[in-house]
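Here's the structure, in structure tokens; my notes come after.
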Amino acid sequence: MENFNKLPDDCINSILSSTSPRDICRLAATCSELRLVAASDFLWASFLPHDYIDIISRACPLLMKCDSKKELFFMLCNSIFVDEGKKIFNLDRISGRKSYILSARELTIIWASNPLYWCWKNVIKSRFDESVELRTTWWLEIEGSINIKLLSSNTTYGAYLIFKVSEHAFGLDTMPMETSISLGSDLVCNNTVYLRQDYKKQQMQWLLYYNRTKTLTSRVNQGLEGSVPMLPDSRQDGWMEIELGNFFSGNCIDNKEVKMSLKENKGHHLKGGLIIEGIEIRPLNHV
């Protein structure tokens, strides 16, 4: 370490910038000689997204008043509202990769502006001012989109619908729903999911309406034979999530839109009680 300290500061900064924020914090905690350089703006600026000035310009003006790049980095790691509170931006503390949550207001939802079908309201424990609840419809179609340039490059992302199911929900487990991810004009992946699953109810439905249910389900599963519909997971924030698919961001140079969707419009049956908070786009842990 004695010889390391003899290196010029810019050389030390260059070496440390090839590590990670977590490594720097550990180093600063164990080596008093490097604490000063480990807190330098030059070093922490290397961990910030290249477009961080644009990000903070879309957020609260108070972010512009951070005393250091290190303080700004950890503030971005705590999640901030951007774009008039319709999105949440977050940096991963370990990798520094970007993630977003698109609020329900940022999504394209068929008939969402019609109060006969959907109800916009404040939901307890939601991060956003408004979520939307499905009253009743037979045509369910939800789509979110984000420009690839807003994400971290060369990263595999997963997209997840964040939702709840009300006590009086109906029709959400009658048939599997379709999910898909597209990048530009290219379909990246598609699958089927259940937002909830009541096995007893499904068994009764198959007994009573076997031919109709089998025919409609086969339409949904066309091209996906052999795949098993995915089921939702519980989140630590009290909501549920269902994976819509994943994609690789590449070099993020092309001005392409990532489109993420969930739909069910082949069963022609009524459904209701689905509460949507938004769609999260986050890096997968194994990347």
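No experiment lies behind these values; they were computed from the predicted model shown.
A salt bridge links K266 with E178: the closest approach of a Lys/Arg side-chain nitrogen to an acidic carboxylate oxygen falls below 4.0 angstrom. Using a cut-off of 4.0 Å between Lys/Arg side-chain N and Asp/Glu carboxylate O, R127 and D237 are scored as salt-bridged. The pair E241-R282 meets the salt-bridge criterion, since a charged nitrogen lies less than 4.0 angstrom from a carboxylate oxygen. Ion pairing of E130 with K121 is absent here, as no side-chain N (NZ or NE/NH1/NH2) approaches a carboxylate O to less than 4.0 Å.
Aromatic rings of W138 and Y117 (six-membered ring for Trp) have centroids beyond the 6.0 Å cut-off, not under it.
Ring-plane geometry between F81 and F128 is classed as perpendicular, the angle between the planes exceeding 60 degrees on a 0 to 90 degree scale with a lower cut at 30.
With S182 contributing its side chain and G184 its backbone, the two residues share no donor-acceptor pair below 3.5 Å. Here the side chain of S153 pairs no donor or acceptor atom with the backbone of C252 at under 3.5 angstrom. Although no hydrogens or angles enter the test, the distance criterion places a donor-acceptor pair under 3.5 Å between the side chain of E71 and the main chain of D67. The backbone N or O of V188 lies less than 3.5 Å from no partner atom in the side chain of D186, so there is not a single donor-acceptor pair. The backbone N or O of I53 lies less than 3.5 Å from no partner atom in the side chain of R58, so there is not a single donor-acceptor pair. Between the side chain of S249 and the main chain of T155, a donor-acceptor pair closer than 3.5 Å is present. The main-chain N or O of P176 is never found under 3.5 Å from a side-chain atom of T192 such that the two would form a donor-acceptor pair. Here the side chain of R135 pairs a donor or acceptor atom with the backbone of P115 at under 3.5 angstrom. At distances below 3.5 Å, at least one donor-acceptor pair connects side-chain atoms of W239 with backbone N or O atoms of K125. In this structure, the side chain of S95 does not engage the main chain of D92 through any donor-acceptor pair within 3.5 Å.
The 12-atom threshold is not exceeded at CG of D129, counting heavy atoms of other residues, nucleotides or ligands nearer than 6.0 Å. Few gaps surround NZ on K271; more than 12 heavy atoms of other groups in view lie less than 6.0 Å from it.
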The test is side-chain contact (heavy atoms from CB on, under 4.5 Å); show your working for I55 and K98 and say whether it passes. CA-CA 11 Å; I55 293 169; K98 296 184 280 187; 4.2 Å; yes
Steps toward side-chain contact (heavy atoms from CB on, under 4.5 Å) verdict (M230, N191): CA-CA 8 Å; M230 300 181 66; N191 206 343; 3.5 Å; yes
Give the intermediate values and the outcome of side-chain contact (heavy atoms from CB on, under 4.5 Å) for residues V258 and F247. CA-CA 9 Å; V258 181; F247 62 94; 3.7 Å; yes
Hey, mind stepping through K164 and E133 against side-chain contact (heavy atoms from CB on, under 4.5 Å) and telling me if it holds? CA-CA 9 Å; K164 287 182 177 181; E133 180 174 354; over 6 Å; no
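For the side chain to side chain contact (heavy atoms under 4.5 Å, CB included) criterion with Y157, the lone passing option out of L151, I148, N246, I181 is L151.
Between the side chains of D41 and S68, no donor N or O sits under 3.5 Å from an acceptor N or O.
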